[in-house]
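What follows is a set of notes on a single structure, which appears directly below.
The model shown is predicted, which means the values in this text are computed figures rather than measured ones.
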Amino acid sequence: MTYDITALRSQFPALSAGTAHFDGPGGTQTPAPVIRAIADAMAQPLSVRGQMAPGERNAEAIVTKARQALADLLGAQPTGIVFGRSATQLTYDFARTLSQSWSPGDEVVVTRLDHDANIRPWVQAAARAGATVRWADFDPGTGELTAADIGAVLSPRTRLVAVTAASNLIGTRPPIAEISRLAHDAGALTYVDGVHYAAHTLVDLEELGADFVVCSPYKFFGPHHGVLAARPELLETLEPDKLLPSTDAVPERFELGTLPYEFLAGTEAAVDFLAGLADLPGLDAAAAGTRRQRLASAFTALEAHERTLRTQLDKGLSALRGVEVHSRAADRTPTLLLTFEGEGRSTVEAYRFLAERGVHAPSGSFYAIEASRRLGLGDTGGLRIGLAPYNHTEDIDRFLAGLAEFLAL
């Protein structure tokens with residue numbers, strides 16, 4: 001089952017400009033209900049959180065509802081949801097906090113597949129603590145990062161494994177639940193980058209076995225900030241740096257300063273918008289039940305839609321000569337990285353050529369610098385084609401036609 005793509009696209013004002021967007025991994029376009037929620041939040045009285053004045057109560061309600069929405073999306077508890085400026089900022093904050101207990105001889109595992117935001121904070125924290133960094137490699141030929149690859153670098157001294165749930169560069173989805181079991185057997189925590197994963201697959205903190213999962217709402221129709229999910233009882237054991245008068249309650253002890261209320265209102269609306277995919281025309285019946293249950297139905301439809309488009313894209317690319325597709329893993333998101341054979345086939349030039357024709361398919365390494373280097377692409381990377389729920393078959397046709405024209409030059 002899938003949804004009515006025309007009905008979905010009508011909710012995105014930006015799509016009226018006519019661009020075919022393949023830049024979803026860098027951030028999706030924003031639907032009208034999210035835009036309205038942000039504006040409505042800013043139009044009402046707002047203040048520091050409390051229960052006395054209207055502005056205080058409004059702020060408290062926004063934060064409470066946003067925590068519940070993200071808990072529903074991530075399979076977590078509201079008291080385990082931490083808000084931050086970005087996933088990168090949250091990872092740096094937790095790297096500083098967790099590394100307080102590390103010492104020389106301890107080990108931290110990072111992978112060559114990850115976005116640098118789930119590598120560099122741990123590498124730098126390990127250096128300050130005198131801990132050793134162990135690197136887990138992936139197979140550049142298949143794009144696969146296996147549990148065995150992680151297991152090969154685990155030891156009794158491993159304190160943390162940092163791993164992506166989905167590569168933002170080539171889409172690979174490693175077996176996180178199996179990796180988490182191996183890490184826990186070694187006595188280590190798992191810190192999972194779910195930024196790209198959460199845009200395409202319904203996250204379940206418990207099923208993943210992860211101790212921490214971070215994501216970014218602007219990858220799934222929301223505003224720009226970061227979210228971390230963890231078990232509240234684990235957060236209770238951690239002592240972050242904070243101001244003296246700041247609360248010591250969890251999760252607030254990890255949130256620095258006043259939260260962006262309008263963005264949290266927009267994030268709640270984004271989660272509700274995702275859940276509403278199950279209500280769009282095209283499905284057998286509107287989803288019923290809790291928000292979590294409706295999200296599960298919606299993601300089933302979303303994945304079916306994106307799988308259909310990826311099949312169309314894969315077939316079209318296979319018919320073009322001189323195109324190398326680096327996204328090869330058996331389990332992956334609808335995200336493809338391309339390079340071209342021959343002289344004068346720069347992916348930056350292809351990016352520019354397509355942009356002039358109303359097709360946004362960016363070129364780069366997209367901060368997955370280690371993965372780009374491991375693939376033999378240096379710091380340049382390639383042309384990334386990332387699908388989002390609002391893409392349709394006409395977008396794929398426009399991209400393939402534009403790329404064929406570029407390759408014929």
Side-chain angles (χ1 to χ4, degrees), residues 48-51 59-87 89-102 118 121-122 125 159-163 165 176-177 179-181 183-184 187-195 197-198 202-217 222 225-261 263-264 267-268 271 290-293 295-296:
V48 294
R49 294 159 60 189
Q51 295 298 333
E60 186 65 39
I62 286 173
V63 174
T64 299
K65 291 191 290 184
R67 286 201 208 282
Q68 184 62 63
L70 268 298
D72 291 341
L73 180 70
L74 303 176
Q77 299 178 51
T79 50
I81 298 296
V82 180
F83 295 120
R85 183 173 59 81
S86 65
Q89 173 253 307
L90 284 167
T91 304
Y92 264 113
D93 286 350
F94 275 80
R96 284 191 294 268
T97 299
L98 290 167
S99 65
Q100 292 172 4
S101 64
W102 300 346
N118 203 32
W122 306 111
R159 294 294 172 259
L160 181 129
V161 174
V163 60
I176 297 300
I179 289 170
S180 293
R181 284 194 294 271
H184 292 158
L189 297 171
T190 54
Y191 191 99
V192 175
D193 176 359
V195 172
Y197 183 88
L202 186 62
V203 178
D204 191 310
L205 183 68
E206 184 175 348
E207 285 187 5
L208 291 176
D211 296 293
F212 308 93
V213 173
V214 287
C215 67
S216 300
H225 68 103
V227 180
L228 178 141
R231 300 186 313 279
E233 57 270 26
L234 174 57
L235 294 179
E236 291 281 3
T237 69
L238 304 178
E239 298 292 339
D241 293 335
K242 68 177 192 66
L243 303 181
L244 181 61
S246 298
T247 180
D248 199 42
V250 166
E252 285 87 349
R253 72 168 69 161
F254 299 95
E255 295 169 341
L256 307 180
T258 302
L259 291 171
Y261 303 130
F263 283 3
L264 299 192
T267 296
E268 182 199 2
V271 174
T290 66
R291 178 160 50 194
R292 177 71 180 179
Q293 290 168 332
L295 283 164

Under 3.5 Å: donor-acceptor pair, side chain of [X], backbone of [Y]:
X: Arg253; Y: Leu238; value: yes
X: Thr190; Y: Ser180; value: no
X: Ser101; Y: Leu98; value: yes
X: Ser99; Y: Trp102; value: no

> Thinking salt bridges, do Arg67 and Glu252 make one under a 4.0 Å N-O criterion?
Replying inline: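 Salt bridge flag = yes for Glu252 with Arg67.
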>> Closer than 4.0 angstrom, basic N to acidic O: yes or no for Arg292 and Asp204?
In response: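 Asp204 and Arg292: salt-bridged.
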For the student: nearest non-hydrogen atoms of [X] and [Y], plus distance:
X: Trp122; Y: Ala95; answer: CZ3-CA, 3.3 Å
X: Ala188; Y: Leu160; answer: CB-N, 3.9 Å
X: Ala71; Y: Pro78; answer: CB-N, 3.6 Å
X: Leu189; Y: Asp211; answer: CA-OD2, 3.2 Å
X: Ile81; Y: Ala229; answer: CD1-CB, 3.8 Å
X: Phe254; Y: Leu235; answer: CZ-O, 3.5 Å

Out of curiosity, [X] [atom1] to [Y] [atom2], how far, rounded to the nearest 0.5 Å?
X: Thr79; Y: Gln68; atom1: OG1; atom2: CD; result: 10.0 Å
X: Lys65; Y: Leu264; atom1: NZ; atom2: CG; result: 11.5 Å
X: Phe212; Y: Arg231; atom1: CZ; atom2: CZ; result: 8.0 Å
X: Leu90; Y: Asp93; atom1: CG; atom2: CG; result: 6.0 Å
X: Thr267; Y: His225; atom1: OG1; atom2: NE2; result: 2.5 Å
X: Leu243; Y: Leu256; atom1: CG; atom2: CG; result: 7.0 Å

Are side-chain heavy atoms of [X] and [Y] found at a separation under 4.5 Å?
X: Val203; Y: Cys215; answer: no
X: Val192; Y: Val213; answer: yes
X: Leu70; Y: Phe83; answer: yes

> Can Leu73 and Val227 be said to form a side-chain contact (heavy atoms from CB on, under 4.5 Å), step by step?
Replying inline: CA-CA 11 Å; Leu73 180 70; Val227 180; over 6 Å; no
> Can Val195 and Asn118 be said to form a side-chain contact (heavy atoms from CB on, under 4.5 Å), step by step?
Replying inline: CA-CA 10 Å; Val195 172; Asn118 203 32; over 6 Å; no
>> Is there a side-chain contact (heavy atoms from CB on, under 4.5 Å) between Asp72 and Thr290? Walk through the geometry before answering.
In response: CA-CA 9 Å; Asp72 291 341; Thr290 66; over 6 Å; no
> Yes or no on side-chain contact (heavy atoms from CB on, under 4.5 Å) for Glu239 and Thr97, after CA distance, side-chain angles and deciding distance?
Replying inline: CA-CA 7 Å; Glu239 298 292 339; Thr97 299; 5.8 Å; no
